[in-house]
2 protein chains.
Amino acid sequence: MQIADHFCEHVLLKKWEAGDRIPSVRETAVNIEVNPNTVMRTFNYLQEQGIIFNKRGIGYFVADDGFEKTKALKKKDFITQELPAFFKAMSLLNLSIEDIRQYYQQYLDNQTDDVP
Amino acid sequence: MQIADHFCEHVLLKKWEAGDRIPSVRETAVNIEVNPNTVMRTFNYLQEQGIIFNKRGIGYFVADDGFEKTKALKKKDFITQELPAFFKAMSLLNLSIEDIRQYYQQYLDNQTDDVP
DNA sequence: TGTAGTGTATTAGTTAAGTAGTACACTAAA
DNA sequence: TTTAGTGTACTACTTAACTAATACACTACA
């Protein structure tokens, strides 16, 4: 799932676009220092989600609607999983949306600093 | 860690206050259907964090400053771990703080519905 | 046609986490 | 003193996930 997240991020950031060939199973396995079998499982998952597709003997490619599929998948997860947990933590710590806004501003400031 | 979270939640919601005796290792193990060894590891962690303390042969108790310790621990984790990941997800999905505010309002509305 | 790079599949080994069972020392209370 | 409930410690077993190694089928291209 962490590997899948990393790939989804590439798609959402448009580092990979529709039709692009993504690194092979073996290549990815070496890059992220993980077993090819593990990569295969990730690719299968992404293929089931319709984000990538496969040409046997050639490689995996980003689907035409890969961006939309990825965004929909991530948004669903964000709304149903992350948000409720986040709001619960906020409530336990007595933090308001206004507090979050301030943290967010700091976060944005730091991001721009890092990219000179 | 999930077990520890559950206990921290009890402390933060004031279901357990300073000096209260918390359920025993064996009792907790039965309740959450887990092995006593696993509970022990959790209790050790919470004791290291100064949230609970131990009287041999009697049980575990919430420390005097257990509430503050728990809040500090959770807040640190929230700021350093959860927030950055949350903001990153927001950015990938093109969500603004204003969007989050609206989701939060919906969340609050649902919460009050559940407690009639 | 041959070769190198692809996906795919299988089997065996490793590791971390949890389970299961038991035993022992301490404490409070009958 | 006895007993029941507590924390603590230890060893063996199970399981899920991943690793390791290998083999095979497919495709493009020189």
Side-chain angles (χ1 to χ4, degrees), chain A residues 1-11 15-66 69-70 73 77 81-82 85, chain B residues 1-11 15-66 69-70 73 77 81-82 85:
Chain A
M1 280 306 140
Q2 293 162 5
I3 304 176
D5 278 344
H6 184 250
F7 275 75
C8 288
E9 204 175 312
H10 268 65
V11 174
K15 291 181 178 175
W16 295 337
E17 304 206 40
D20 284 1
R21 181 173 170 280
I22 69 179
S24 75
V25 173
R26 286 180 176 81
E27 198 180 341
T28 303
V30 172
N31 281 343
I32 64 181
E33 292 179 318
V34 113
N35 194 277
N37 296 340
T38 309
V39 177
M40 264 270 293
R41 246 173 294 146
T42 302
F43 282 21
N44 279 335
Y45 168 75
L46 292 174
Q47 186 161 252
E48 283 167 10
Q49 303 303 318
I51 293 173
I52 61 180
F53 66 95
N54 164 270
K55 290 185 189 171
R56 171 130 195 178
I58 309 181
Y60 280 93
F61 300 80
V62 176
D64 282 349
D65 54 354
K69 284 271 178 62
T70 305
L73 183 70
D77 182 72
Q81 306 297 319
E82 289 191 57
Chain B
M1 280 305 140
Q2 293 163 4
I3 305 175
D5 277 344
H6 185 248
F7 276 74
C8 287
E9 202 175 314
H10 268 67
V11 173
K15 290 181 178 176
W16 296 335
E17 304 206 39
D20 284 0
R21 182 175 168 279
I22 68 180
S24 75
V25 172
R26 285 180 177 80
E27 198 179 343
T28 303
V30 172
N31 281 343
I32 63 180
E33 292 178 318
V34 112
N35 195 277
N37 295 340
T38 308
V39 177
M40 264 269 295
R41 248 174 293 148
T42 302
F43 281 22
N44 280 335
Y45 169 75
L46 292 174
Q47 186 161 253
E48 284 167 9
Q49 302 302 319
I51 292 173
I52 60 179
F53 66 95
N54 163 272
K55 290 185 188 171
R56 170 131 197 175
I58 306 182
Y60 280 93
F61 299 81
V62 177
D64 282 348
D65 55 355
K69 284 269 178 64
T70 305
L73 184 68
D77 180 72
Q81 306 297 319
E82 289 192 57

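Reminder, nothing fancy here: chain letters follow the sequence lines and each chain counts from 1. Both backbone and side-chain heavy atoms feed into the values below; hydrogens, waters and symmetry mates do not.
Here the shortest heavy-atom pairing between B:P23 and B:W16 reads CD-CZ2, 3.7 Å. Here the closest non-hydrogen pair linking A:F43 and A:S24 is CE2-C, 4.4 Å. In plain terms, the two heavy atoms of B:I51 and B:C8 that are nearest each other are CD1-SG, 4.2 Å. Shown here for A:L46 and A:A4, the closest heavy-atom pair between the two residues is CD2-CB, 4.2 Å.
Rounded to an integer number of Å, the gap from CD1 of B:I32 to C1' of C:dT19 is 13 Å. Protein atom CD of B:E27 is 10 Å distant from nucleotide atom C1' of D:dG5, rounded to whole Å. Between B:I22 atom CD1 and D:dG7 atom C1' the separation is 12 Å, expressed in whole Å. Rounded to whole angstrom, the span from the CD1 atom of B:I3 across to the C1' atom of C:dG18 amounts to 10 Å. To the nearest angstrom, P of D:dG7 lies 13 Å from CG of B:N37.
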For this session: Using the side chain to side chain contact (heavy atoms under 4.5 Å, CB included) rule, take B:Y60 and B:V25 through it: C-alpha gap first, then chi angles, then the decisive distance, then the call.
Result: CA-CA 9 Å; B:Y60 280 93; B:V25 172; 4.1 Å; yes
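A heavy-atom distance below 4.5 Å is not found between the side chains of A:E17 and A:V62.
Near DNA chain D, meaning a heavy atom under 4.0 Å from it, residues 38-47 of chain A has A:T38, A:R41 in order of number.
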Exercise. If the sugar-phosphate is the primed atoms plus P, OP1 and OP2 and the base is the rest, what is the B/S/- string for nucleotides 25-30 of chain C, using protein heavy atoms under 4.0 Å?
Worked result: BBSS--
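For D:dG5, its base never sits under 3.5 Å from the side chain of B:R26 at any donor and acceptor pair.
Close to C:dT8, at under 4.0 Å from its OP1 or OP2, lies a side-chain N or O of A:Y60.
No donor-acceptor distance shorter than 3.5 angstrom exists from the side chain of A:Q49 to the backbone of A:L73, with no hydrogens or angles considered. For A:H6 (side chain) and A:Q2 (main-chain N/O), no donor-acceptor pair under 3.5 Å exists by modelled atom type.
Within the 4.0 angstrom heavy-atom criterion, only backbone atoms of the sugar-phosphate kind lie near A:N54; the bases stay farther away.
Within 6.0 Å of the CG atom in A:D64, the count of heavy atoms belonging to other residues, nucleotides or ligands does not exceed 12.
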